[in-house]
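Just so we're clear, the structure is a prediction, and the values are computed from it rather than from any experiment.
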Amino acid sequence: MEAQPAAALETVFRLESPRVIAGVARLVRDVGIAEELTQDALVAALEQWPRDGVPDNPGAWLMATARRRAVDLIRRRETYARKLAEIGRDLPDSAPAPEEPAGPDDIDDDLLRLVFTACHPVLSAEARIALTLRLLGGLTTPEIARARLVPEPTVAQRIVRAKRTLARKNVAFEVPYGPDREARLGSVLEVIYLIFNEGYAATAGDDWLRPALCEDALRLARVLSALMPKEPEVHGLTALLEFQSSRTAARTGPDGEPVLLRDQNRHRWNRLLIARGVTALGRAHAATGSAAPGRYALQAAIAACHATAPAYEETDWPRIATLYGLLAARAPSPVVELNRAVAVSMAEGPAPALALVDALAAEPALRDYHLLPSVRGDLLLRLDRPAEARAEFERAADLTRNARERALLLRRAREARTR
């Protein structure tokens with residue numbers, strides 16, 4: 001029986017820790033302490049759940065336990081009287097905390113407060129991303145390193161230093177107003193984007209998808225769209241996530257195995273989300289006016305081409321290749337170039353695309369990126385070079401940390417052997 005609570009706890013903690021950290025941070029006004037108190041709640045669960053069973057609402061149990069520990073911590077502080085005056089409304093354990101006074105464009109959302117706090121300009125851009133992926137996305141240090149294509153010790157140092165800096169600078173746990181909000185928006189959008197991507201194609205673990213991360217990211221993007229209606233990139237990101245979310249039901253098979261885009265049953269795509277994506281993309285274009293579209297609006301336009309194509313073969317690949325070219329100019333990245341190569345392979349054939357992929361082989365950021373050999377294997381297979389393709393698929397399988405993706409790549413390697 002002990003394995004069941006342990007497995008349940010791992011799953012629940014992965015899903016609920018961002019909400020618990022955000023809720024506790026609202027009490028203690030320190031994200032580092034909030035994370036520690038959330039970890040304390042996890043330890044308590046590890047002790048009690050195997051003995052007493054998994055509670056009916058495990059997320060609420062973790063939140064209540066962490067909040068009680070936060071209250072105990074506050075009461076132990078020498079400055080208790082001052083803290084009580086500031087956050088006394090949040091102290092009761094059984095009743096919801098009263099809402100704080102709202103400004104003209106405020107939003108009462110602890111997760112959003114957590115994002116904006118972790119994206120404070122006192123932190124470097126990379127530190128903001130690493131900290132928010134850890135706190136809000138629930139990602140481990142190895143997963144963040146994988147997503148950011150940097151060494152694990154670098155990520156660990158960024159997270160530790162970021163929490164210390166926020167505490168030392170006494171950064172407020174809030175959604176800022178006016179210019180301060182706009183100054184942090186770029187980092188906030190990138191973090192939401194990366195959290196969604198981790199849910200959309202998990203870098204590690206046994207599951208291909210982590211839907212809770214996608215749902216949190218999409219919800220936050222929608223909230224930002226309502227909060228900042230004149231910001232085109234907010235609408236662009238929202239459109240992108242709507243389009244990507246529309247394919248969720250078709251992206252895995254009955255046993256959870258990945259289903260590639262060309263093999264997906266498009267009747268299972270969510271037409272409501274596609275319609276929402278079209279609307280959000282229209283808002284992005286309207287807010288952009290005569291200016292050049294931003295990176296998220298361009299990616300949303302690419303996703304729209306996929307979402308509106310009746311079949312894989314009928315996708316407007318030349319337009320997608322052109323859009324990736326614009327995206328590469330707007331936000332240069334070897335990953336964008338790799339995606340452009342895939343579009344070029346569909347628009348012009350595998351030979352010119354292989355030349356583009358081979359030109360990326362020396363990119364340090366792609367040295368351990370499994371999708372580089374995966375794409376190369378696909379191109380080699382289409383060029384009737386199965387032995388080379390098999391080797392590339394096997395190399396990609398060795399590089400990925402996701403069990404489902406590894407199984408898919410090894411299957412493709414076996415299929416190449418029979419060609």
Side-chain angles (χ1 to χ4, degrees), residues 147 186 189-190 192-201 214 217-218 221-222 225 231-248 250-251 258-264 266 269-271 273-288 291-350 352-353 356-357 360 366 369 371-372 374-375 378-379:
L189 293 179
E190 184 169 11
I192 293 174
Y193 173 71
L194 290 171
I195 290 171
F196 182 90
N197 280 350
E198 179 58 29
Y200 192 72
C214 292
L218 180 54
R222 288 172 177 169
S225 291
E231 290 290 341
E233 279 292 78
V234 173
H235 296 301
L237 178 63
T238 304
L240 173 61
L241 303 194
E242 299 280 10
F243 286 132
Q244 299 293 73
S245 296
S246 72
R247 302 203 295 262
T248 298
R251 294 188 66 242
V259 178
L260 299 176
L261 177 61
R262 65 170 173 262
D263 300 322
Q264 289 175 17
R266 300 191 173 216
W269 289 4
N270 189 314
R271 297 297 158 184
L273 292 181
I274 292 174
R276 293 184 67 128
V278 170
T279 299
L281 186 56
R283 289 174 180 154
H285 289 157
T288 300
R295 57 181 289 202
Y296 297 115
L298 286 169
Q299 290 181 78
I302 292 168
C305 290
H306 290 299
T308 57
Y312 184 78
E313 296 74 17
E314 298 178 56
T315 305
D316 191 348
W317 291 108
R319 173 166 170 74
I320 290 178
T322 298
L323 288 168
Y324 269 122
L326 295 173
L327 181 60
R330 186 77 168 80
S333 160
V335 174
V336 171
E337 288 294 339
L338 183 61
N339 287 329
R340 184 171 76 88
V342 173
V344 168
S345 77
M346 298 302 299
E348 303 175 21
L356 294 175
V357 171
L360 296 171
L366 297 183
Y369 190 53
L371 291 182
L372 179 64
S374 175
V375 169
D378 184 68
L379 296 175

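Heavy atoms only, all atoms of each residue included: Q244 and A303 are closest at OE1-CB, 3.9 Å. Across every non-hydrogen atom of A341 and V357, the tightest pair is CB-CG2, 3.7 Å. The shortest non-hydrogen separation linking I320 to A343 is CG2-CB, 3.7 Å. Residues L218 and S245 come closest through the heavy atom pair CD2-OG, 3.7 Å.
Side-chain atoms of F243 and L273, non-hydrogen and from C-beta on, never get closer than 4.5 Å to each other. Residues L237 and L241 form a side-chain contact, since some pair of their non-hydrogen atoms from C-beta on lies under 4.5 Å apart. In this structure, the side chains of R266 and Y312 come closer than 4.5 Å at one or more pairs of heavy atoms.
When atom types are taken as modelled, the side chain of Q264 and the backbone of V259 share a donor-acceptor pair closer than 3.5 angstrom. Between the side chain of S345 and the main chain of V342, a donor-acceptor pair closer than 3.5 Å is present.
Sequence neighbours left out, not one pair with a member in residues 292-319 passes salt bridge (Lys or Arg N to Asp or Glu O under 4.0 Å).
Partners of L326 by side chain to side chain contact (heavy atoms under 4.5 Å, CB included), not counting sequence neighbours, listed by chain and number: L298, L323. Annotation: side chain to side chain contact (heavy atoms under 4.5 Å, CB included) contacts of A300 (sequence neighbours excluded): A239, L240, L281. Among residues two or more places apart in sequence or in another chain, the side chain to side chain contact (heavy atoms under 4.5 Å, CB included) test is passed with T288 by P232, A291. Checked against ring pair (Phe, Tyr, Trp, His ring centres under 6.0 Å), H306 has the following partners two or more places apart in sequence or in another chain: W317. Evaluation of the side chain to side chain contact (heavy atoms under 4.5 Å, CB included) rule for A286 yields no partner, not counting sequence neighbours. With sequence neighbours excluded, no residue satisfies salt bridge (charged side-chain N to carboxylate O under 4.0 Å, His left out) with E231. When the side-chain hydrogen bond (donor to acceptor under 3.5 Å, both in side chains) test is applied to S246, no partner is found at least two apart in sequence or on another chain. With sequence neighbours excluded, the residues forming a ring pair (Phe, Tyr, Trp, His ring centres under 6.0 Å) with Y296 are Y193, listed by chain and number. Legend: residues meeting side-chain hydrogen bond (donor to acceptor under 3.5 Å, both in side chains) with R222, ordered by chain and number and at least two apart, are E242. With sequence neighbours excluded, no residue forms a ring pair (Phe, Tyr, Trp, His ring centres under 6.0 Å) with W269.
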Under 3.5 Å, which donor-acceptor pairs do the side chains of residues 330-339 form with other protein atoms, sequence neighbours left out?
| from | atom 1 | to | atom 2 | distance (Å) |
| --- | --- | --- | --- | --- |
| R330 | NE | P293 | O | 3.3 |
| S333 | OG | V335 | N | 3.1 |
| E337 | OE1 | R340 | NE | 3.1 |
| E337 | OE1 | R340 | NH2 | 3.1 |
| N339 | ND2 | V335 | O | 3.4 |

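Distance check: L194 CG to L189 CG gives 11.0 Å after rounding to the nearest 0.5 Å. To the nearest 0.5 Å, atoms OG1 (T315) and CG (L261) are separated by 7.0 Å. Summarising the geometry, atom CD belonging to E233 is positioned 10.5 Å from atom OG1 belonging to T238; distances are rounded to the nearest 0.5 Å.
Both the sub-6.0 Å distance and the 45° axial angle are not jointly satisfied by R247 relative to the ring of Y200.
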